[in-house]
Amino acid sequence: MLFHLPGYSLPERLWRTARRWALAWGRIVYLGAVVLVLVLSPSSYSPSARRTLARQIYLDTAPILLGFTVLAALLALVITRIVVVTALSYGLSRYALEMVIRVLVLELIPLTATLFVAMRCTIPHGTQLALLRQSGHFEALRAHGGDPVRMELLPRVVAGVFASITLAALSCVVALVMAYISVYGFNLAGLPGYTRMFGHVFSPAVTLVFVLKTLFSSLAVALIPTAAGMYDAGEGAAPDSELGGLARMFAVLLLIEVGSLVGNYY
């Protein structure tokens, strides 16, 4: 990033880069606070706003729900088979299903769901908002007394959070069912032991970490790419500055994943 600022000395480049970094994160925090206030405000749920929000939620969730559920089922079957066969070869079959649940349900599926929603929904939303801003749509809304954050950003953020949580929850249930079927088949003989092992894995502390991880990951993928489209990159921005929102999103997801691992295993 520093090398894309020609004509400036090294201290000036460092200063401009640090200022842009702080400004970008400040805008994300500000928009996050504004969106939270709007979500809790009854004035955001007028009849027209509810229709817009419901339409955006449907467009972000319904088209990708079936495809991702099938993908999660196939992923669960493949990973379960690999883990079970490997555990059997080492005489560790009693730990195979617990390992599958810890790796697949606790870690892999929620992260995959949030990334899938980001690629299919929220990153394109950020591009749409940037195009609307550049076309003068935001200024036209303000001229007629409208609020671009309430009318354009809020439905996209809420729909992104809803889609991410829905996909993560549904795909985790599907993965648990497919893992059971791949080991025990279509019978209920192993259900008592399976539920007992599930309860052992999902202790109250692990469940809390799982819920917080899913919620914060959903907020990150819904807010950060769309917030990047609400503002101009600024003077002296690098040609690849539109990738800054993606880099910040992946950085936040990495921090959330690290925090989840620390909370679950340390």
Side-chain angles (χ1 to χ4, degrees), residues 23-65 68 110-135 137-142 146-170 211-233 242-257:
L23 180 62
W25 282 109
R27 286 169 171 173
I28 291 172
V29 173
Y30 168 75
L31 284 177
V34 171
V35 167
L36 179 61
V37 171
L38 291 176
V39 166
L40 299 177
S41 174
S43 61
S44 300
Y45 301 99
S46 62
S48 61
R50 290 198 300 268
R51 287 192 297 269
T52 301
L53 182 59
R55 178 177 179 274
Q56 192 66 56
I57 289 175
Y58 173 80
L59 292 176
D60 280 7
T61 306
I64 63 177
L65 190 60
F68 186 78
L111 181 61
T112 306
T114 53
L115 291 177
F116 194 82
V117 171
M119 297 300 176
R120 290 294 302 271
C121 302
T122 59
I123 293 175
H125 287 340
T127 303
Q128 293 171 6
L129 291 172
L131 293 176
L132 289 175
R133 172 177 51 79
Q134 293 169 4
S135 67
H137 178 68
F138 289 175
E139 294 298 329
L141 284 179
R142 295 187 183 99
D147 182 8
V149 175
R150 184 190 296 268
M151 300 177 67
E152 299 293 345
L153 178 67
L154 179 63
R156 289 174 169 86
V157 172
V158 173
V161 172
F162 181 86
S164 181
I165 293 176
T166 301
L167 260 65
L170 180 61
V211 171
L212 292 178
K213 170 189 172 179
T214 304
L215 177 60
F216 289 144
S217 299
S218 302
L219 289 173
V221 300
L223 180 62
I224 296 177
T226 52
M230 291 293 293
Y231 296 101
D232 188 10
E242 63 272 9
L243 299 178
L246 301 184
R248 287 185 287 273
M249 183 191 73
F250 285 116
V252 171
L253 289 178
L254 179 61
L255 290 176
I256 293 172
E257 187 65 26

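Residues take their numbers from the sequence shown, with the count starting at 1.
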Would you sort out whether Val117 and Phe68 count as a side-chain contact (heavy atoms from CB on, under 4.5 Å), showing the intermediate values? CA-CA 10 Å; Val117 171; Phe68 186 78; over 6 Å; no
Working for side-chain contact (heavy atoms from CB on, under 4.5 Å), residues Phe138 and Leu129: CA-CA 9 Å; Phe138 289 175; Leu129 291 172; 4.1 Å; yes
Please round to the nearest 0.5 Å and tell me the distance separating atom CE of Met230 and atom CG of Leu132.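 Between Met230 CE and Leu132 CG, I get 9.5 Å after rounding to 0.5 Å.
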Output yes when a side-chain donor or acceptor of [X] lies under 3.5 Å from a complementary backbone atom of [Y], and no otherwise.
| X | Y | answer |
| --- | --- | --- |
| Arg133 | Gly229 | yes |
| Ser41 | Val37 | no |
| Thr52 | Ser48 | yes |

Using a 6.0 Å cut-off, check whether atom CZ of Arg142 has over 12 heavy atoms from anything other than its own residue.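 Above 12, so yes.
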Hydrogens and angles aside, do Ser217 and Thr114 bring a side-chain donor and acceptor to less than 3.5 Å of each other?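 No pair is found: no donor N or O on one side chain lies under 3.5 Å from an acceptor on the other.
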Any carboxylate oxygen within less than 4.0 angstrom of a Lys/Arg side-chain nitrogen, looking at Glu257 and Lys213?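 Yes, this pair counts.
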Just wondering, do Leu115 and Phe250 contact through their side chains at under 4.5 Å, heavy atoms?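 Side chain of Phe250 against side chain of Leu115, heavy atoms only: contact under 4.5 Å found.
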Would you mind reporting whether His125 and Asp60 have side-chain heavy atoms less than 4.5 Å apart?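 Result yes, sub-4.5 Å side-chain heavy-atom pair found.
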For the student: nearest non-hydrogen atoms of Ala220 and Pro225, plus distance: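 Taking Ala220 first and Pro225 second, the nearest heavy atoms are O-CD, 3.6 Å.
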